[in-house]
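Naming: A, B, ... by sequence-line order, numbering from 1 per chain.
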Number of protein chains: 2
Amino acid sequence: MTIRVLIVDDQAMVRAGFAALLAAQSDIDVVGQAEDGRQGVELGRSTHPDVVLMDVRMPEMDGLEAARQLLDPPPGVTHRPKVLMLTTFDVDDYVYEALRAGASGFLLKDAPPADLIAAVRIVAAGEALLAPSVTRRLIADFAKQRPAQRRDPALKLNGLTPREAEVLELIARGLSNQEIAAHLVLAEQTVKTHIGRVLSKLDLRDRAQLVIFAYEAGVVVPGDQ
Amino acid sequence: MTIRVLIVDDQAMVRAGFAALLAAQSDIDVVGQAEDGRQGVELGRSTHPDVVLMDVRMPEMDGLEAARQLLDPPPGVTHRPKVLMLTTFDVDDYVYEALRAGASGFLLKDAPPADLIAAVRIVAAGEALLAPSVTRRLIADFAKQRPAQRRDPALKLNGLTPREAEVLELIARGLSNQEIAAHLVLAEQTVKTHIGRVLSKLDLRDRAQLVIFAYEAGVVVPGDQ
DNA sequence: CCCGGGCTCATACCCCGGTATGAGTCACCC
DNA sequence: GGGTGACTCATACCGGGGTATGAGCCCGGG
């Protein structure tokens with residue numbers, strides 16, 4: 001079972017180098033080469049590679065956009081290759097863009113050839129791999145935006161009772177007082193009472209500020225419903 | 001300049017294996033071995049290693065807690081080693097805990113010896129490195145919680161006008177209509193008009209849901225004020 | 001030139017949300 | 001047994017928020 005690889009890079013010499021390197025592996029087939037993003041997307045659709053080596057900076061359509069199109073195909077297109085991004089420069093925002101788009105890896109072109117080959121195999125296997133400097137950034141970012149967020153029952157809900165915390169979460173989900181009452185099988189007034197206490201305990205004004213607090217305190221987290 | 005390494009693992013054979021492997025490298029010194037977390041923290045403080053190889057599961061004090069203590073030292077202790085977590089099992093929540101605590105890497109013990117050696121060097125150099133399966137999880141998580149968030153001027157604010165977007169952000173900061181009016185030098189009614197249009201465009205009900213939308217869409221981000 | 005969209009504002013209405021006050025039940029603890 | 005705190009609910013008030021309607025201003029584009 002050979003790994004089908006598509007190489008997308010605007011520099012002919014780079015393409016040739018990678019192609020030669022990879023084609024020399026018995027388990028890897030280079031099924032195509034493209035010199036810009038647009039062509040890369042086309043070839044990606046027609047040659048259905050397992051792995052696309054994608055340069056970041058390219059004329060016509062950059063690697064990020066091309067990766068997005070390959071990874072989020074229009075209805076009808078079923079094939080989704082793995083994308084391994086490559087860059088000459090020591091990264092920056094590109095990385096995050098690429099990862100958000102669903103890329104499986106991010107390597108610097110100055111990596112040892114053996115690393116590149118290993119990377120292709122890893123990515124083809126459904127795993128992922130990043131250049132060490134990229135990994136460091138990602139971890140730092142990850143740690144920063146969720147600083148040692150202990151998941152204990154009691155967050156830092158300044159002395160909220162369980163019931164109050166429950167109400168707070170429902171508010172942060174966008175429910176009205178009536179809906180909360182229905183949800184918890186309570187009278188609407190009871191809900192109001194709880195909310196009143198929460199507001200005073202947290203020193204806030206209205207439910208909009210409660211929602212803000214919930215997000216900032218990690219009671220709810222963007223993207224989990 | 002040799003790399004000073006401390007090995008923390010409850011299995012004597014594992015310690016011996018790693019020690020032999022690493023000590024054979026000319027640029028690596030094994031400066032100590034510990035068989036549980038508590039001892040690991042002690043030795044970490046006294047032998048000031050550059051890199052700590054830390055097993056996750058251990059009696060007495062697990063690797064996570066030990067890593068936390070080494071990476072977030074009490075006042076007075078200035079030394080902060082890099083921590084490279086090791087595990088036998090294919091990971092889970094441990095990973096996230098470890099990364100939040102500031103670990104520089106996470107490897108599976110079944111990785112090739114050459115990988116372990118390379119990892120020590122990478123981590124010592126201030127970079128980071130993860131096992132491919134871990135990398136995949138981290139990326140997936142990263143991509144999920146910030147889904148393809150285009151950073152262009154226009155987010156995905158379903159056709160909001162600039163003014164409307166501005167109002168939305170102020171709502172997401174917790175301001176009342178009056179305060180928004182004052183802030184933008186407008187009549188309160190004008191603010192209401194804008195909000196009304198935003199609500200209908202986004203198909204939402206009230207300002208609380210607007211706040212939720214703002215966080216989910218990345219108009220505002222937890223922890224940036 | 002006129003048309004449309006973005007922005008502004010007024011008047012008027014209604015209801016949800018938040019406040020105030022008081023009170024009843026239950027569980028737990030000294 | 002009395003006290004405390006969590007939870008429940010009622011009645012009553014009112015002000016902010018959201019809706020509806022209509023209108024004027026300015027700008028850029030057909």
> Nearest whole Å is fine: how far is D:dT19 P from B:L204 CG?
11 Å
> Base, sugar-phosphate alone, or nothing: which one does B:T193 contact when heavy atoms must sit under 4.0 Å apart?
base
> Should the pair A:K109-A:D9 be classified as a salt bridge under the 4.0 Å nitrogen-to-oxygen rule?
yes
> Should A:H194 be listed as having a side-chain N or O under 4.0 Å from OP1 or OP2 of D:dC7?
no
> Of all the choices, C:dG6, C:dT8, C:dA10, which nucleotide is nearest to the side chain of B:L186 once you look at every atom?
C:dT8
> Whole angstroms only, please: what is the CZ-P distance between B:R197 and D:dT21?
14 Å
> Could you state the atom-to-atom distance from CD of A:Q178 to P of C:dC16 in whole Å?
6 Å
> Counting only side-chain nitrogens and oxygens, does B:T190 get under 4.0 Å of the OP1 or OP2 atom of C:dC9?
yes
> Please verify the inter-ring angle class for B:Y215 with A:Y215; under 30° counts as parallel, over 60° as perpendicular, anything in between as tilted.
parallel
> Do NZ/NE/NH1/NH2 and the carboxylate oxygens of A:E65 and A:R68 come within less than 4.0 Å?
yes
> Taking CG from B:N177 and P from D:dT19, how many angstroms apart are they, rounded to a whole number?
11 Å
> Whole-Å distance between C:dG18 P and B:D206 CG?
9 Å
> Whole angstrom is fine here: how far is it from CZ in A:R205 over to C1' in C:dG17?
13 Å
> Starting at atom NZ of B:K192, determine the distance to atom P of C:dC7, rounded to an integer number of angstrom.
20 Å
> What nucleotide among C:dG17, D:dC7, C:dT8 has an atom nearest to a side-chain atom of A:R207?
C:dG17
> Any idea which of D:dT11, D:dG18, C:dT8 is nearest the A:Q189 side chain?
D:dT11
> Flag the pair B:E169 and B:R173 as a salt bridge only when some basic side-chain nitrogen lies within less than 4.0 angstrom of an acidic carboxylate oxygen.
yes
> With a 4.0 Å cut-off on N to O distance, would you call B:R163 and B:E166 a salt bridge?
yes
> Picking from D:dA6, D:dT19, D:dA10, which would you name as closest to the side chain of A:A187?
D:dA10
> What integer distance in Å separates A:E164:CD from D:dA6:P?
7 Å
